[in-house]
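A note on names: the letters A, B, ... follow the listed sequences, proteins ahead of strands, and every chain is numbered from 1. Any value given below was found using the heavy atoms of this structure, including those in side chains, with hydrogens, waters and symmetry copies removed.
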Number of protein chains: 2
Amino acid sequence: MPDTVATPSRRADSLTRDTIIDAAIVLLDTAGEGGLTFRALAARLATGAGAIYWHVADKDDLFTAASDAIVVRAMQDAPPDDTPQAGIRAVALAMFEAMDAHPWLGSALSRAPGQLPTVRILERLGRQVDALGVPQDRQWMAACALLNYLLGVSGQNAANAVIARERGLERAHFLDTLAGAWSRLDAQAFPFARKVAGQLRAHDDRADFLAGIDLIVHGLQALQGGR
Amino acid sequence: MPDTVATPSRRADSLTRDTIIDAAIVLLDTAGEGGLTFRALAARLATGAGAIYWHVADKDDLFTAASDAIVVRAMQDAPPDDTPQAGIRAVALAMFEAMDAHPWLGSALSRAPGQLPTVRILERLGRQVDALGVPQDRQWMAACALLNYLLGVSGQNAANAVIARERGLERAHFLDTLAGAWSRLDAQAFPFARKVAGQLRAHDDRADFLAGIDLIVHGLQALQGGR
DNA sequence: ACCTGAACACCGTTCAAGT
DNA sequence: ACCTGAACACCGTTCAAGT
């Protein structure tokens, strides 16, 4: 056999929206939020900066498209409902993991309220809220409370990760210095912060996150059927 | 009396950190997050762009200093504790109002986790959590849950306000178009989102926000004393 | 000690011009 | 229809030079 390439394996893939989004995700994951640049993206895709605008409206569009891709995967990972409580936990945990793996996701989601990525999450949460027996006229509030808590937590965790990365510290070391700063706060003005500084150092993000979810679910159960 | 100015009322106020921070807040309030620019700030302060760096480390420093000024005022507005429940509600509401008045605050706070502004809020929440009778080893989790929920909600509301502003729409009109988009989503994939689209249009941010706080507080009360 | 403002190394986005 | 890449109008930050 001559060594002519049998199947030409044409790299013919002219730029695609999906190709761009995937490259954007890689860039965000490896270089952080500031690493997503049209120039860097163009370089990685071996094309001109302007070409990207043919497939993507602008940077916001790109950013929320990247988020949506991650959220879709996360929602697939979340196993189908067992009990409503378990379903809510599963969705929350899937998002927690996703935000942990992609620290830019939190800020992307909060920058695009009401857009597809957050609606996907709300949809999943809402169905469980319904299954939980929360009265119709409270379901919006209930699902939003869960979503907002979820976004709040992961936003903070992600910010921690981002800052730790920027300063080139381990996450643990970063929390350590933070806890140190807290315990040096004024004793009169910040008794609580000083008291919990140790817990800041030692706490388990995931466990605390789920405990918060349980708190809200517990509150929701009290609404069951009632009115 | 001759019209020589009695007290020279010297404008002598050479640049001050506080002057800069106040100007930054005005800029953020009037021109949005993108309006805070060292050049714009310098123009407003009638100085050179570089001068600002003498009093402020960098843009992040300026941003969280501006946040802190707002948070301090908000915490002062929150009346001293009545019952713990009322205290938590008061802190939450004060922050809600602050974020409503300064839509950039949400993103500023989530960008500076563990820094002074958020610690101030956590401190206030934590004391109420303690007063509520939550066991010591759960107080960190409890206060964080409240804080994270609070930041999550206001982040979303603020993002709504920012986007509505950018597109030059009334907030209500923005929610209207959003609700329209939701009700046009695929019926198979988004039954819940379609169902609550109307509530998205009509809902009261503040009421829903407080309902969520109550949900968490309700969950916290179940922890009282126990363990 | 504090301020000036030009200079540096970037951005997102546009748009004529190419294929 | 899709891509190129120079050009435009910005940024944050630095730093010699001034007072």
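- Between W182(B) and W140(A), the ring-plane angle classifies as tilted under the 30° and 60° cut-offs.
- For the pair F63(A) CZ and dG12(C) P, the computed distance is 12 Å after rounding to whole Å.
- Protein atom CZ of F38(B) is 19 Å distant from nucleotide atom P of dC10(C), rounded to whole Å.
- Within the nucleic acid shown, I52(A) has no heavy atom closer than 4.0 Å to any nucleic acid atom.
- Taking every side-chain heavy atom of T37(B) into account, dC11(D) is the closest of dC11(D), dT13(D), dT13(C).
- For the pair R194(B) (side chain) and L185(B) (backbone), a donor-acceptor distance under 3.5 Å is present.
- Computed from coordinates, the Y53(B) OH to dA17(D) C1' distance equals 19 Å when rounded to whole Å.
- Within the nucleic acid shown, L36(A) comes within 4.0 Å of sugar-phosphate atoms alone, with no base atom in reach, counting heavy atoms only.
- Summary of the strand contacts: G50(A) and W54(A) both lie near DNA chain D, and taking for each the nucleotide with the nearest heavy atom, the more 5' one is attributed to W54(A).
- At dA1(D), none of the side-chain N or O atoms of H55(A) fall inside 4.0 Å of OP1 or OP2 (strictly under the cut-off).
- The base-pairing partner of dA1(C), taking Watson-Crick or G-U wobble contacts with both distances under 3.5 Å, is dT19(D).
- Distance CG/N148(B) to CG/L151(A): 11.0 Å, rounded to 0.5 Å.
- Of the listed nucleotides (dT13(C), dG12(D), dC3(C)), dC3(C) has the atom at the smallest distance from the side chain of L15(B).
- Shown here, dG12(C) forms a base pair with dC8(D); the pair counts as Watson-Crick or G-U wobble because both key distances fall under 3.5 Å.
- Distance, L62(B) CG to dG12(D) P: 10 Å, rounded to whole Å.
- Nearer the 5' end of DNA chain D, as judged by each residue's closest nucleotide, is the contact made by A46(A), out of A46(A) and R39(A).
- L215(B) pairs in a side chain to side chain contact (heavy atoms under 4.5 Å, CB included) with only one of the listed residues (I216(A), L146(A), L215(A)), which is I216(A).
- Note: CG (L45(A)) to P (dG5(D)) measures 14 Å, nearest angstrom.
- K59(B) has its NZ atom 15 Å from the P atom of dC11(C), to the nearest Å.
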